[in-house]
Amino acid sequence: MNYFSLASHKKQRGHPPAGPSNAYQNLEKTSVLQETRTFNETPVNPRKCIHILTKILYLINQGEQLVAREATDCFFAMTKLFQSKDVVLRRMVYLGIKELSSIAEDVIIVTSSLTKDMTGKEDLYRAAAIRALCSITDNTMLQAVERYMKQCIVDKNAAVSCAALVSSLRLASTAGDVVKRWANEAQEALNSDNIMVQYHALGLLYHIRKSDRLAVSKLVNKLTRGSLKSPYAVCMLIRIACKLIEEEDIPSEELSDSPLFTFIESCLRHKSEMVIYEAAHAIVNLKNTNPRMLSPAFSILQLFCSSPKATLRFAAVRTLNKVAMTHPAAVTTCNLDLEGLITDSNRSVATLAITTLLKTGAESSVERLMKQISTFVAEISDEFKVVVVQAICALCTKYPRKHTVLMNFLSGMLREEGGLEYKTSIVDTIITIIEENADAKESGLSHLCEFIEDCEHVSLAVRILHLLGKEGPFAATPSKYIRFIYNRVILESPIVRAAAVTAMAQFGASCPALLSNILVLLGRCQMDPDDEVRDRATYYLSILNSERPELYKNYIIERENCSLALLEKSLVDHLNGDLDTRFDISIVPKAAIVKPVIANDVMLVTSSAPRPPKITREEESAARLAQLPGIQVLGPIHRSTAPIQLTESETEYTVQCIKHIFGQHVVFQFDCLNTLSDQILENVRVELTLPEGFTARAVIPCPKLPYNDLQTTFVIVEFPPDAASSIATFGATLRFVVKDCDPNTGEPDSDEGYDDEYMLEDLELTVADQIQKTRKNNFQVSWDAADTEEWLQAEDTFVLSAVTTLQEAVNTIVKILGLGAANLSENVPEGTHLHTLLCSGTFRGGAEILVRAKLALSEGVTLNLTVRSTDQDVAELITAAIG
């Protein structure tokens with residue numbers, strides 16, 4: 001019977017077609033562990049043992065969990081295999097040791113066997129033995145094998161040397177002091193002719209010296225004058241040089257004369273394409289560059305766009321895409337080459353080319369590019385679709401008049417199949433367009449209403465309902481959105497129904513004409529099977545039936561944003577404390593909304609790990625401040641400022657300050673770093689020179705500040721009683737006790753030290769530090785509601801001589817006052833000579849602030865500032881801050 005007749009016979013009898021299968025697919029942990037008894041047989045059967053070890057490694061790498069006893073039994077059975085001389089089996093044993101070393105107990109029993117293989121004559125054993133030995137070695141054992149590690153680093157066998165260098169790099173995180181002693185051997189390995197040895201040696205040397213800026217500079221200067229043979233090492237050197245340039249913050253007029261920049265520029269003429277690309281990528285991403293410096297790098301990227309190699313085309317167009325918004329003029333010179341890549345057979349390259357053109361192209365080319373991308377957008381993966389969406393978002397900001405074309409394209413993408421991340425990016429973009437372009441609001445809300453009719457993602461439906469409740473009542477015809485919202489009450493899950501109830505209540509509170517209809521719909525929601533939906537409906541009905549506008553404003557339209565993380569912590573503390581007292585929600589800080597940052601890094605290899613949620617500075621600071629004794633008496637934290645540097649970055653001690661503002665107090669947090677390896681500081685504190693009216697309440701020193709260890713000291717100061725005196729400048733001095741110590745061990749030479757001090761930069765407390773910005777959904781409603789006796793008003797006129805444009809004036813006012821702009825008033829339309837800035841915030845202690853700034857541009861900028869606040873002193877402070 002020939003082959004074809006046999007195949008036909010099998011097919012007729014119902015045999016499944018032959019195909020690739022996984023031999024380890026249905027393994028059971030228990031049966032595999034029982035098979036390890038084979039390891040005890042004499043003589044050892046290498047083939048059988050290799051098969052069993054493969055099963056164990058497969059199970060571990062598939063996520064199978066071994067308990068300590070199972071791992072230890074398996075590990076000790078594995079050690080019996082050292083009696084076999086089979087090379088493949090021995091290397092499988094090394095892999096098994098590495099995988100089990102973190103689970104099994106008493107793994108150090110194989111140290112002698114691994115050391116013997118590591119120093120033996122069989123090169124096939126040595127590299128793997130080094131990696132296995134370093135995986136089971138801790139700080140106490142490392143010194144016993146230190147001599148062997150030094151020998152292996154400079155070994156003539158490249159595989160052995162690389163294994164020793166990479167293992168040393170891994171050990172540096174846990175035994176840095178020991179690994180630092182291997183710098184001379186790493187320096188010798190750097191002179192190797194092998195490209196991988198040279199690359200790994202440079203990585204280890206940089207890691208050893210990275211905390212010593214001077215040593216890194218010397219290393220880079222030495223290597224830039226020489227000629228590294230390894231292109232991988234040269235790429236790493238370029239990255240180190242860029243880091244040094246960024247840290248030094250060299251101005252553009254001096255950057256071209258910098259030896260580091262000269263070296264990076266010379267790499268554009270390297271024989272390796274990898275190095276050439278790395279140099280071009282580095283230059284276009286540097287700060288403080290000018291067109292003359294950028295020109296050669298963009299020429300290289302332009303050349304790579306027409307390369308026959310898909311990897312080079314992809315690398316070039318990805319880099320151009322990333323810098324399209326920072327260097328649009330330079331990227332525009334590559335537009336002709338990018339046009340040619342639109343039809344590239346590699347869809348990744350084509351997508352990046354079109355999105356780059358979208359960012360840099362002319363307004364007239366938008367329709368053509370959108371038409372071209374629509375022909376293949378369905379064929380690309382979600383990751384690349386996200387890149388397209390990000391480009392459209394940038395384009396809407398650049399050409400607001402094209403919002404109709406772009407919004408229609410986005411709504412079409414919403415109707416297609418896709419994952420949550422992809423759909424979220426589209427919704428984020430539409431929401432951004434609605435917030436930044438008033439003309440796009442109606443069409444954007446309509447597209448989102450259509451989307452939630454078939455939306456399968458609960459989180460997106462809730463976000464869209466929240467947006468409809470915020471923006472819908474102020475649209476031209478708010479009634480048309482009620483049907484879409486009420487449909488969610490009938491058809492969706494409890495979470496979405498609850499969000500829909502809240503959205504309807506906002507329409508009832510903001511639109512008197514719709515109130516009677518909203519009351520009927522909310523009444524029906526009281527019959528909902530879910531208790532959360534019923535409770536919300538009852539809550540909003542009682543407020544709306546009260547017919548009291550101030551309740552509408554405080555509990556429906558402008559609900560304060562309570563920090564959920566800090567609310568949870570406060571509730572836990574309350575439950576663990578005295579339950580006889582009632583919980584006071586006013587102690588929970590009112591955190592500002594944190595918008596997630598849309599990363600435009602075009603790094604298309606996405607991680608499966610979930611991104612941590614963006615948190616406010618107040619939430620980040622809460623845990624640390626809670627450890628301070630007596631901090632609870634200060635009340636809730638109002639806001640935390642961004643850190644400011646009080647020293648130069650190259651000095652022996654670096655200090656940065658974060659100001660935590662409370663109702664009547666400010667807590668200065670000083671983060672201190674000691675960069676001197678031969679000193680240890682004790683009793684570290686900052687002494688402030690207090691202006692008149694301020695009172696120091698506590699100084700919490702840092703007991704010990706070792707080398708290269710960031711530690712914190714605090715100073716608690718009480719504000720003066722009047723708001724006008726709260727704007728002040730503090731003198732600051734760092735005081736401490738110095739003890740000389742051994743640089744290698746960090747142990748002090750003696751118990752005696754001497755007092756010393758270090759002068760810091762002056763510290764300013766500004767108006768903006770004391771204001772938490774808020775964002776009003778409809779500023780005019782809030783402004784009109786503030787025209788009562790409870791609110792006080794201050795008004796003044798100024799001539800802003802330091803600014804020349806309205807946009808510059810708006811940016812300056814927002815920065816000085818620290819307020820949140822409303823109704824997109826922070827953006828000044830082009831060509832206008834009159835503009836009104838509307839902004840709001842909350843002063844420490846709870847005083848609300850509303851500001852209307854009318855600006856006129858003639859020979860200079862004239863400002864008419866009107867401030868309304870619930871506190872007269874605060875209103876006058878705001879006007880004085882501008883003057």
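All residue numbers refer to positions in the sequence shown, counting from 1.
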Engineer: Give a yes or no on this: more than 12 heavy atoms of other residues, nucleotides or ligands lie within 6.0 Å of atom CD of Glu795.
Structural biologist: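 Counting neighbours around CD of Glu795, more than 12 heavy atoms of other residues, nucleotides or ligands fall under 6.0 Å, so yes.
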Engineer: So do the side chains of Phe736 and Asp756 get within less than 4.5 Å of each other, counting heavy atoms only?
Structural biologist: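 A side-chain contact under 4.5 Å exists here.
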Engineer: So does Glu757 have more than 12 non-hydrogen atoms from other groups sitting under 6.0 Å from CD?
Structural biologist: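 Count over threshold, so yes.
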Engineer: Less than 3.5 Å apart, any donor N or O on the side chain of Thr766 or Asp769 sitting next to an acceptor on the other?
Structural biologist: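 Note: Thr766 and Asp769 side chains meet the donor-acceptor criterion.
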Engineer: Tell me the salt bridge (Lys or Arg N to Asp or Glu O under 4.0 Å) pairs involving residues 706-727, sequence neighbours left out?
Structural biologist: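 Of all non-adjacent pairs touching residues 706-727, those that pass salt bridge (Lys or Arg N to Asp or Glu O under 4.0 Å) are Arg697-Glu718.
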Engineer: Cut-off 3.5 Å, side chains only: do Thr836 and Arg852 have a donor facing an acceptor?
Structural biologist: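 No.
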Engineer: Would you confirm whether Ser825, through its side chain, and Ala821, through its main-chain N or O, come within 3.5 Å as a donor-acceptor pair?
Structural biologist: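 Pair absent, no side-chain N/O of Ser825 close to backbone of Ala821.
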Engineer: Any side-chain to backbone donor/acceptor pair from Thr870 onto Ala847? Under 3.5 Å, distance only.
Structural biologist: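 Side chain of Thr870 to backbone of Ala847, a donor-acceptor pair under 3.5 Å: no, none is there.
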Engineer: Heavy-atom count around Lys739 NZ within 6.0 Å, excluding the residue itself: above 12?
Structural biologist: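 Yes, because the 6.0 Å sphere around NZ of Lys739 holds more than 12 heavy atoms from other groups.
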Engineer: Tell me if the centroids of the rings in Tyr539 and Tyr555 come within less than 6.0 Å of each other.
Structural biologist: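 No: the rings miss the under 6.0 Å criterion.
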Engineer: So do the side chains of Trp783 and Val851 get within less than 4.5 Å of each other, counting heavy atoms only?
Structural biologist: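 When only atoms from C-beta onward are counted, Val851 and Trp783 do not touch, as no gap falls below 4.5 Å.
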Engineer: Judged by modelled atom types alone, do Ser726 and Gln770 share a side-chain donor-acceptor pair under 3.5 Å?
Structural biologist: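 Yes - a donor-acceptor pair under 3.5 Å links their side chains.
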Engineer: Taking atom NZ of Lys441 as the centre, report whether more than 12 heavy atoms of other residues, nucleotides or ligands fall under 6.0 Å from it.
Structural biologist: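 Yes, the 6.0 Å shell around NZ holds more than 12 heavy atoms from other groups.
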Engineer: Under the 6.0 Å and 45° cation-pi test, does Arg844 pair with Phe719?
Structural biologist: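 Yes, a cation-pi geometry.
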Engineer: Stepwise, does the side chain to side chain contact (heavy atoms under 4.5 Å, CB included) test hold for Leu765 with Lys659?
Structural biologist: CA-CA 9 Å; Leu765 200 57; Lys659 292 167 275 187; 3.7 Å; yes
Engineer: Calculate, to the nearest 0.5 Å, the distance between atoms CG and OG belonging to Asn708 and Ser677 respectively.
Structural biologist: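 The CG atom of Asn708 sits 9.5 Å away from the OG atom of Ser677.
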Engineer: Distance check, rounded to the nearest 0.5 Å: Ser869 atom OG versus Phe843 atom CZ?
Structural biologist: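 Going from OG on Ser869 over to CZ on Phe843, the span is 9.0 Å.
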Engineer: May I ask you to check whether over 12 heavy atoms, not counting those of Ile495, lie within 6.0 Å of atom CD1?
Structural biologist: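 No, not enclosed.
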Engineer: For Lys287, is there any backbone N or O sitting under 3.5 Å from a side-chain donor or acceptor partner on Glu246?
Structural biologist: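 Side chain of Glu246 to backbone of Lys287: a pair is present.
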Engineer: So, does His638 use its side chain to make a donor-acceptor pair with the main chain of Thr842 at under 3.5 Å?
Structural biologist: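 Yes, the answer is positive, given that a donor and an acceptor are paired below the 3.5 Å cut-off.
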Engineer: Could you check whether Gln669 and His660, counting side-chain N and O atoms only, form a donor-acceptor pair closer than 3.5 Å?
Structural biologist: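 Gln669 and His660 do have a side-chain donor-acceptor pair below 3.5 Å.
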Engineer: Donor-acceptor check, side chain of Thr729 to backbone of Glu764, threshold 3.5 angstrom: yes or no?
Structural biologist: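 No, because the side chain of Thr729 does not come within donor-acceptor range (under 3.5 Å) of the backbone of Glu764.
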Engineer: Judged by atom type as modelled, is there a donor-acceptor pair below 3.5 Å linking the side chain of Gln807 to the main-chain atoms of Glu826?
Structural biologist: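 Between the backbone of Glu826 and the side chain of Gln807 there is a qualifying donor-acceptor contact (under 3.5 Å).
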Engineer: Please report the C-alpha distance between Asp428 and Arg463 in whole Å, then the side-chain angles of each, then the deciding distance to 0.1 Å, and finally whether the salt bridge (Lys or Arg N to Asp or Glu O under 4.0 Å) criterion is met.
Structural biologist: CA-CA 10 Å; Asp428 284 339; Arg463 282 193 62 195; 2.5 Å; yes
Engineer: Which heavy atom of Cys672 sits nearest to which heavy atom of Leu705, and what is that distance?
Structural biologist: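 For Cys672 and Leu705, the tightest heavy-atom pair comes out as O-CD1, 3.6 Å.
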Engineer: With Phe668 as reference, evaluate Phe714, Phe694, Phe730 under the ring pair (Phe, Tyr, Trp, His ring centres under 6.0 Å) test and give the passing residue.
Structural biologist: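 Result: among Phe714, Phe694, Phe730, Phe730 is the only option passing the ring pair (Phe, Tyr, Trp, His ring centres under 6.0 Å) with Phe668.
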Engineer: Could you pull out the closest heavy-atom pair between Thr675 and Tyr707, with the gap in Å?
Structural biologist: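 Here Thr675 and Tyr707 meet closest at O-CE1, 3.5 Å.
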Engineer: Looking at OG1 of Thr689 and CD of Glu687, how far apart are the two atoms once the value is rounded to the nearest 0.5 Å?
Structural biologist: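 Going from OG1 on Thr689 over to CD on Glu687, the span is 6.5 Å.
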Engineer: Would you mind reporting whether Ile878 and Leu817 have side-chain heavy atoms less than 4.5 Å apart?
Structural biologist: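 Of all side-chain heavy-atom pairs linking Ile878 with Leu817, at least one is under 4.5 Å.
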Engineer: Is there a side-chain contact between Val867 and Leu865 in this structure, where contact means two heavy atoms from C-beta onward sitting under 4.5 Å apart?
Structural biologist: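 Yes, close enough: below the 4.5 Å cut-off.
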Engineer: Locate the shortest heavy-atom distance separating Val462 from Ala499; write the atom from each residue and the value.
Structural biologist: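 Looks like CG1-CB, 4.1 Å.
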Engineer: Any non-hydrogen side-chain atom of Ile464 less than 4.5 Å from a side-chain atom of Val427?
Structural biologist: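 Ile464 reaches Val427 side chain to side chain.
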Engineer: If the test is side-chain contact (heavy atoms from CB on, under 4.5 Å), which one of Leu681, Val655, Thr651, Thr733 qualifies with Tyr758?
Structural biologist: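 Of all the options given, the one that passes is Thr651.
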Engineer: Could you tell me whether a side-chain N or O of Arg735 sits under 3.5 Å from a main-chain N or O of Val686, the two making a donor and an acceptor?
Structural biologist: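 Not at all, since once roles are kept as given, no pair shorter than 3.5 Å links the two residues.
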Engineer: Under a 4.5 Å cut-off applied to non-hydrogen side-chain atoms, are Thr502 and Arg536 in contact?
Structural biologist: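 Side-chain contact under 4.5 Å: yes.
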Engineer: Tell me, with the steps shown, if Asn683 and Asp755 meet side chain to side chain contact (heavy atoms under 4.5 Å, CB included).
Structural biologist: CA-CA 10 Å; Asn683 193 24; Asp755 292 326; over 6 Å; no
Engineer: Is a donor on one side and an acceptor on the other found under 3.5 Å between the side chain of Thr713 and the backbone of Ile700?
Structural biologist: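 Answer holds: yes.
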Engineer: Do you see a donor-acceptor pair shorter than 3.5 Å between the side chains of Gln506 and Tyr552?
Structural biologist: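 Their side chains do not contain a donor-acceptor pair, so the 3.5 Å distance test is not met.
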Engineer: With no hydrogens and no angle check, do the side chains of Asp796 and Thr879 hold a donor and an acceptor under 3.5 Å apart?
Structural biologist: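 There is no such pair between these side chains.
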Engineer: Taking it one step at a time, do Val458 and Val496 satisfy side chain to side chain contact (heavy atoms under 4.5 Å, CB included)?
Structural biologist: CA-CA 7 Å; Val458 171; Val496 179; 3.9 Å; yes
Engineer: If I take atom CG from residue Asn674 and atom CD from residue Glu652, how far apart are they, to the nearest 0.5 angstrom?
Structural biologist: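 Spacing of CG (Asn674) from CD (Glu652) equals 9.5 Å.
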Engineer: Under the side chain to side chain contact (heavy atoms under 4.5 Å, CB included) criterion, do Val667 and Val715 qualify, and how do the steps go?
Structural biologist: CA-CA 6 Å; Val667 177; Val715 179; over 6 Å; no
Engineer: Do Ile849 and Ile771 come within less than 4.5 Å of each other through their side chains, counting heavy atoms only?
Structural biologist: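 Side-chain contact under 4.5 Å: yes.
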Engineer: Contact between Thr424 and Leu460 at the side-chain level, heavy atoms closer than 4.5 Å - yes or no?
Structural biologist: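 Yes. Closest side-chain heavy atoms under 4.5 Å.
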Engineer: For residues Ser840 and Thr774, is any side-chain donor paired with an opposing acceptor at under 3.5 Å?
Structural biologist: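 Side chains of Ser840 and Thr774: pair found under 3.5 Å.
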Engineer: Can you tell me how far the CD1 atom of Ile813 sits from the CD atom of Glu808, to the nearest 0.5 Å?
Structural biologist: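 It is 11.0 Å, given to the nearest 0.5 Å.
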Engineer: At their closest point, which heavy atom of Cys741 faces which heavy atom of Ile680, and how far apart are they?
Structural biologist: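 Scanning both residues, the minimum pair turns out to be SG-N, 4.0 Å.
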